[in-house]
Engineer: 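Attaching a single structure in structure tokens format; questions to follow.
By convention in this document, chain letters (A, B, ...) are assigned in the order of the sequence lines, proteins followed by strands, and residues within each chain are numbered from 1.
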Amino acid sequence: MSQKFERRGIHVDQSELLCKKGCGYYGNTSWQGLCSKCWREEYQRARQKQIQEDWALAEKLQREEEAAYASSQGAQSQPQPSLAPFSKFEEKKTNEKTRKVTTVKKFFSPSSRTASKKAPSEKVEKVPGARERHGETLLRDLRGIFTPPWEMVSPTEENHEGKTPSPSVSRQSSTETDRVSRDFVEFLKNLQKPGREIHKQCRAFIESMANKKDLGADELSECVQDFYQNMSDRLLTHFKGSTDRVERVMDQVEKYIMTRLYKNVFCPETTDDEKKDLATQNRIRALHWVTIQMLCVPVDEEIPEVSDSVVKAITDIIEMDSKRVPRDKLACITRCSKHIFNAIRVTKNEPASADDFLPALIYIVLKANPPRLQSNIQYITRFCNPSRLMSGEDGYYFTNLCCAVAFIEKLDAQSLNLSPEDFERYMSGQMSPCRPEPEAWPSAGPGISPALREARRSLDLLASLEARQERVLEGARTLESDLIDWQESVEREVREILGRFPLEVRPPASAIDSDNVENDRLPPPLQPQVFAG
Amino acid sequence: MAAGGAAGGGSGRTYSFKVVLLGEGCVGKTSLVLRYCENKFNDKHITTLQASFLTKKLNIGGKRVNLAIWDTAGQERFHALGPIYYRDSNGAILVYDITDEDSFQKVKNWVKELRKMLGNEISLCIVGNKTDLEKERTVSVQEAEGYAESVGAKHYHTSAKLNKGIEELFLDLCKRMMETAQADERAKGNGASQSGASRRGVQIIDDEPQAATAAGGGCCSG
């Protein structure tokens with residue numbers, strides 16, 4: 001670049017600045033000498049080619065696998081067109097999305113609970129636009145939460161009812177799946193030959209799973225776990241016992257296959273996960289009155305850093321539902337736990353033990369009421385790579401989350417140190433735990449949510465500001481009257497002085513000679529004398 | 001049983017063990033494990049964010065051992081959650097306070113429960129902590145050691161404050177867990193199938209302890 005600049009100072013050939021494609025526009029070095037339009041085209045083509053290559057590779061591998069399968073299974077196997085499984089996948093994907101929305105709807109309309117069970121198959125959701133990303137899906141789901149059910153079904157959605165999305169459109173919608181596939185292929189390229197083998201295995205496994213969707217959740221889990229086991233055993237032999245490398249590959253394998261299988265195996269129809277989700281959700285909602293003191297949580301939300309950590313922990317545990325890969329879900333739990341530890345550490349000034357941590361986690365779960373909690377726990381249990389879940393740090397936090405959920409389910413008066421009568425009254429909503437007197441606002445206390453406390457603090461602040469402004473206004477007013485007084489007093493003084501010393505204007509003095517009475521006594525002025533010379 | 005061992009083949013094999021810490025609230029579980037992993041006691045300069053999950057790498061007789069120590073909430077109201085914690089663990093350290101008879105009774109309850117749920121696969125250590133308070137002792141040495149022997153557990157005396165007996169406790173436990181893992185391996189032929197049988201993760205159990213027993217038993221035997 002710098003060279004270029006130097007040269008420009010002396011001489012630059014016009015042709016060097018133009019787009020290399022010769023379209024007549026100016027090019028740019030950062031776009032390899034092309035203009036923006038040509039660069040975009042070029043880039044798109046290269047990307048498309050890359051994607052196509054990957055798909056071609058995948059399909060080739062799949063065909064090989066099918067051929068092998070057909071020859072081994074003989075007559076009983078049914079040859080399938082190679083593309084069929086893909087479109088099937090996409091269909092299911094859309095179903096899954098629809099179901100997500102209807103789940104949300106269900107929370108709001110208990111009466112339609114039975115009716116909506118059939119909804120997924122009847123209604124196909126609006127085909128998402130080409131640029132739709134995962135985040136937007138999430139946003140829409142969120143919007144669903146805040147929109148009353150009757151507004152949920154937008155006219156556009158109904159227009160598309162019954163239409164099956166064309167595979168090409170819906171494929172573009174699954175940006176995440178594509179990206180994960182690409183990353184996976186990229187990752188395996190580094191491994192060369194074994195990489196291709198791994199890819200083949202994974203594809204074959206995903207295909208086989210597509211045919212097993214009628215199995216129960218436990219059988220599906222068994223299949224995936226067997227696959228992990230076989231794969232890691234083979235990798236272990238290949239890498240000659242280097243567990244680190246096996247772990248790295250297994251993480252990628254898990255990411256790849258679970259991103260693909262997610263829509264089929266997360267909260268499957270064959271289980272009552274969804275019912276449990278609703279039950280837990282309602283249970284947590286009914287326990288809204290539980291305070292930090294009842295749980296003996298060593299967290300002081302008065303401290304700004306602590307309340308900040310608490311909010312972050314709540315965000316992380318809620319975010320878990322948006323992840324597809326079990327390991328990513330675990331990572332959310334771990335992040336949440338770290339924030340809790342931080343909150344405890346700041347409050348108590350010593351490292352948190354399990355005695356502190358578990359109650360705090362229970363409190364966070366109660367506050368957050370994470371969506372589809374049971375489904376997520378079941379999904380992680382069934383499909384996570386066991387090496388993580390068994391003994392690792394992530395596994396520990398996950399176990400604690402399971403404990404927290406179990407505790408919440410069985411929570412009774414005794415576990416909160418309440419009398420059974422009080423517990424019943426709180427649960428039925430007849431009474432809520434005593435709140436502090438309104439006079440004690442700033443110091444707040446139990447039973448007050450941090451947001452409420454924050455609002456009260458702001459109100460106090462506003463009140464004090466108002467008082468201050470009053471004082472300032474008062475001051476301004478006195479200043480004004482002072483000024484007026486001062487002006488008057490000055491005027492008065494001036495008048496007084498003027499009265500005391502009236503201004504006497506004397507007649508002006510006459511000409512010098514006018515009062516010169518003795519003029520004639522003066523000698524006559526000298527006269528010039530003329531000398532004749 | 002368990003994840004014990006499994007990982008690694010040939011000479012450079014690595015054992016991974018999960019150890020749970022059980023005991024009443026104030027018996028010093030956290031101090032014990034912080035002393036072991038960080039060599040600190042009631043220190044204001046402890047850098048770890050938490051003391052509930054700690055790991056330690058050891059080398060015993062040329063074998064590498066990764067120890068994962070799981071602290072558990074000791075409050076009475078969390079007692080029912082125990083099975084979720086100690087599922088699939090290779091060892092359990094049951095801590096009581098030598099000045100507190102109640103905490104020793106709690107240990108007895110835990111032992112009963114663990115033996116019922118996990119059988120003899122789990123290596124148990126009963127630990128009398130706070131020996132620096134010997135003068136205030138209420139749990140007699142004979143009683144504690146006699147009890148430990150009767151249930152097939154080892155008994156240790158420790159003081160996290162004075163850093164006494166802690167290294168020995170963990171080293172001994174590791175050796176015993178290694179023996180169990182090796183015996184298990186021999187019995188099953190190879191390590192792979194063993195870890196395959198016990199690989200399923202954590203599950204929320206039903207409130208009936210019997211149901212959990214069945215699940216745990218199935219896991220161990222199958």
Engineer: Measure B/T72 against the heavy atoms of chain A and call it side chain, backbone, both or neither at under 4.5 Å.
Structural biologist: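 Backbone of B/T72 only, per the 4.5 Å heavy-atom cut-off to chain A.
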Engineer: Under 3.5 Å, which donor-acceptor pairs link side chains of residues 351-366 of chain A to any protein atom two or more places apart or in another chain?
Structural biologist:
residue: A/S353; atom: OG; partner: A/D355; partner atom: N; Å: 3.3
residue: A/D355; atom: OD1; partner: B/G74; partner atom: N; Å: 2.7
residue: A/D356; atom: OD1; partner: A/K348; partner atom: NZ; Å: 3.2
residue: A/D356; atom: OD2; partner: A/K348; partner atom: NZ; Å: 3.2
residue: A/D356; atom: OD2; partner: A/S353; partner atom: N; Å: 3.4
residue: A/Y363; atom: OH; partner: A/E301; partner atom: OE1; Å: 3.0

Engineer: Taking atom types as modelled and ignoring hydrogens, do the side chains of B/D71 and A/Y396 form a donor-acceptor contact shorter than 3.5 angstrom?
Structural biologist: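 Per modelled atom types, B/D71 and A/Y396 side chains form no pair under 3.5 Å.
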Engineer: Is it the case that atom NZ in B/K164 sees more than 12 heavy atoms from other parts of the structure closer than 6.0 Å?
Structural biologist: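 Open: at most 12 neighbouring heavy atoms sit under 6.0 Å from NZ of B/K164.
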Engineer: For the CD1 atom of B/I84 and the CZ atom of A/F398, what is their distance to the nearest 0.5 Å?
Structural biologist: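 Result: 10.0 Å between the selected atoms.
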Engineer: Would you mind reporting whether A/K410 and B/R77 have side-chain heavy atoms less than 4.5 Å apart?
Structural biologist: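 Result no, sub-4.5 Å side-chain heavy-atom pair not found.
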Engineer: Identify the heavy atoms of B/W70 and A/G392 that sit nearest to each other, and give their distance.
Structural biologist: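 Shortest heavy-atom separation between B/W70 and A/G392 comes out as CZ2-O, 4.3 Å.
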Engineer: Rounded to the nearest 0.5 Å, how far does CG of A/N400 lie from CZ of B/F53?
Structural biologist: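 Spacing of CZ (B/F53) from CG (A/N400) equals 11.0 Å.
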Engineer: Could you look at A/Y228 and say if it's the side chain, the backbone, both or neither that has a heavy atom under 4.5 Å from chain B?
Structural biologist: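 It is neither, since no heavy atom gets under 4.5 Å.
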Engineer: Checking heavy atoms, do the side chain of A/C296, its backbone, both or neither come under 4.5 Å from chain B?
Structural biologist: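 Both parts, backbone and side chain.
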Engineer: Any non-hydrogen side-chain atom of B/F78 less than 4.5 Å from a side-chain atom of A/C403?
Structural biologist: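 Of all side-chain heavy-atom pairs linking A/C403 with B/F78, none is under 4.5 Å.
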Engineer: For A/S415 and B/E76, what are the C-alpha separation, side-chain angles and deciding distance, and is it a side-chain contact (heavy atoms from CB on, under 4.5 Å)?
Structural biologist: CA-CA 9 Å; A/S415 44; B/E76 181 57 39; over 6 Å; no
Engineer: Count the heavy atoms of every other residue, nucleotide or ligand shown that sit under 6.0 Å from CZ of A/R283, and state whether that count exceeds 12.
Structural biologist: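 Count over threshold, so yes.
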Engineer: Once rounded to the nearest 0.5 Å, what's the spacing between atom CD of B/Q50 and atom CZ of A/R345?
Structural biologist: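 The CD atom of B/Q50 sits 10.5 Å away from the CZ atom of A/R345.
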Engineer: From B/T55 OG1 over to A/E393 CD, what is the distance, rounded to the nearest 0.5 angstrom?
Structural biologist: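 These two atoms lie 7.5 Å from each other.
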Engineer: Check side chain to side chain donor-acceptor pair (under 3.5 Å) between A/Q414 and all other residues, then give those that pass, not counting sequence neighbours.
Structural biologist: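 None.
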Engineer: Got more than 12 heavy atoms from elsewhere within 6.0 Å of CD, A/E305?
Structural biologist: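 Result for CD/A/E305: open.
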Engineer: For B/K112, is the NZ atom crowded, meaning more than 12 foreign heavy atoms sit under 6.0 Å from it?
Structural biologist: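 Atom NZ in B/K112 is not crowded, with 12 or fewer foreign heavy atoms closer than 6.0 Å.
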